Protein chains: 2
Amino acid sequence: MIASMTPVVSGITLAEIAALMGDVARANILSSLMDGRALTASELAWHSGVSAQTTSGHLAKLSEANLIAMTKQGRHRYYRLVSPEVAQAIEAMMALASFGPKRHRPVGPKDEALRKARTCYDHLAGRLGIAIADALTSQDHLVLSESAGVLTSSGQRFLCDFGIDLEPENSKRAVCKTCLDWSERRPHLAGRLGASLCTRMFDLAWVERIKDSRALSITKAGRSGLRETFGIEID
Amino acid sequence: MIASMTPVVSGITLAEIAALMGDVARANILSSLMDGRALTASELAWHSGVSAQTTSGHLAKLSEANLIAMTKQGRHRYYRLVSPEVAQAIEAMMALASFGPKRHRPVGPKDEALRKARTCYDHLAGRLGIAIADALTSQDHLVLSESAGVLTSSGQRFLCDFGIDLEPENSKRAVCKTCLDWSERRPHLAGRLGASLCTRMFDLAWVERIKDSRALSITKAGRSGLRETFGIEID
DNA sequence: GGAATGTTTCGGCCGTGGCCGAAGTGTTAT
DNA sequence: ATAACACTTCGGCCACGGCCGAAACATTCC
């Protein structure tokens, strides 16, 4: 058995990235950025659970590895996830984490809010996200094959009526990606479509953020709008 | 600014999983299992680059977290990834890793072989995997929307002719998922479809494993078969 | 200007966790 | 039976990396 020479090259950098996410403070930072918003260093320090100095160090490492990006604004520095791909990788890890060994994690009321409706980077997730994806597919507006989707022409009209225009944007970003829902364990809508739906619901004030959380609350207007437009009811 | 009480709960277990992948030895272990085969503890020790005792410890941790599974066979113990989801999460991390800061990683000839054709858990990846996905879509056998796909009826016939039967299997596994190709940075075919294509190509001896690697070499028969059946040519 | 706030850098402490040698368990071979 | 092999457990060493206090740097406010 030959024993010299390093065997796998690609494993090394995999380990570097994973190790970066593998620290509790850094994982908290990344989790709190999962809703796509940009947060200041001190807000992140609060979320991470360690001091500002320590957080600063973590942020430097995450930036160095190109997982997060920073914009200066006055005396604040805003950090955000660098791309949807990063969010997707994190969500994929969370999906693995929630299974794990059989020991049940205690679930609090805060957790329940997250399961009901939340943002995942820039789109909707939780029961709300799933319900919307289901509604679009069952009305033949979308063909959704377990892990991705294609808009039908009726779907394009439907979205247009709903106030979403997917055409103009010249971005390279895909129209319809899917993302495995961490709590429901089924795919919800991501990509430009997912992001537009999310934005539109905020614009219509159908949903609003719950303070200091990725969780969303569905407003009275949202409840009736969702029923009338999508025919769905979130418990 | 309130400073007590632990903020994010979900981050904790995320960190645990990530930390597990964040050790070089363990990352090497996982990488070497990425082709879907089951390897013995000593083979994994060799791949991981550390002693057998240490490897044993790592394997215990990975098992505990339900990332890998073990089957006893005589005096050997075979370890394998526990599910395609695990493989997908790892591949997602690799995709992030390959970007990173601008410093180019030196690419050897071994790397080139991986880029050309390799297995990703139980399906094909690299230029070969991408070419097949492209061929199927451009011949209207598949609607592939950037991150997932649906087989058309002509696609079903095509696959049937090619010797693949997707019906009988009663597994819950999705027919057509996609997986972001680490080297090509575009989606290739996974799911039952991806797995069947891969198996069939091995059966036809169109591809064969390159020793001690996830890389595949394309045989003479494979070269002509791919040209005639799929109309593709891998450089 | 000086004070207040936001953020990073430096230095040193300390614990977690990876590592190996040695020894123990289980299986196959002769 | 004895030996060889495959793998795991135990014990102790050691270093990497996370943590904070103190201090420096940056920006805004008055």
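Small disclaimer: the values here were computed from a predicted structure and weren't measured. Below, read A as the first sequence line, B as the second, and so on, with proteins coming before strands; counting in each chain starts at 1.
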Legend entry - Full working for side-chain contact (heavy atoms from CB on, under 4.5 Å) between Y121(A) and E85(A): CA-CA 10 Å; Y121(A) 193 66; E85(A) 278 78 13; over 6 Å; no

Inset, instruction - Kindly determine whether L14(B) and M21(A) satisfy side-chain contact (heavy atoms from CB on, under 4.5 Å), including the steps that lead there. - result: CA-CA 8 Å; L14(B) 165 65; M21(A) 300 183 180; 5.5 Å; no

Inset, instruction - Using the side-chain contact (heavy atoms from CB on, under 4.5 Å) rule, take C120(B) and R214(B) through it: C-alpha gap first, then chi angles, then the decisive distance, then the call. - result: CA-CA 8 Å; C120(B) 171; R214(B) 297 168 60 196; 4.1 Å; yes

Inset, instruction - Evaluate the criterion side-chain contact (heavy atoms from CB on, under 4.5 Å) for residue pair Y79(B) and S63(B); output intermediate values, then yes/no. - result: CA-CA 9 Å; Y79(B) 289 91; S63(B) 301; 3.9 Å; yes

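Put simply, the residue from I68(B), L62(B), L33(B) that forms a side chain to side chain contact (heavy atoms under 4.5 Å, CB included) with L44(B) is L33(B).
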Short N/O separations, protein against nucleotides 25-30 of chain C, under 3.5 angstrom:
none

Hey, what are the protein-to-nucleotides 15-19 of chain C N/O distances that come in under 3.5 Å?
unit_1  : atom_1 : unit_2 : atom_2 : d
dG18(C) : OP1    : R26(B) : NH1    : 3.1
dG18(C) : OP1    : R26(B) : NH2    : 2.9
dG18(C) : OP2    : K61(B) : NZ     : 2.6
dC19(C) : OP2    : H58(B) : NE2    : 2.6

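Here the CZ-CG distance, from F202(B) to L124(B), works out to 7.5 Å after rounding to the nearest 0.5 Å.
Atom CD of Q53(A) is separated from atom P of dG12(C) by 16 Å (rounded to the nearest Å). Here the P atom of nucleotide dA6(D) and the CH2 atom of W46(B) are 16 Å apart, to the nearest Å. In this entry the distance linking OH of Y79(B) with C1' of dA6(D) reads 11 Å, nearest Å.
Nucleic acid contact for A41(A): sugar-phosphate only, since backbone atoms but no base atoms lie under 4.0 Å from a heavy atom of the residue. At the heavy-atom level, T55(A) lies nowhere under 4.0 Å from the strands shown. At the heavy-atom level, Y78(B) lies nowhere under 4.0 Å from the strands shown.
In this model, no donor atom of one side chain and acceptor atom of the other lie less than 3.5 Å apart for R37(A) and T119(A).
Salt-bridge check for E16(A) with K61(A): failed, with every basic side-chain N at 4.0 Å or more from each acidic carboxylate O.
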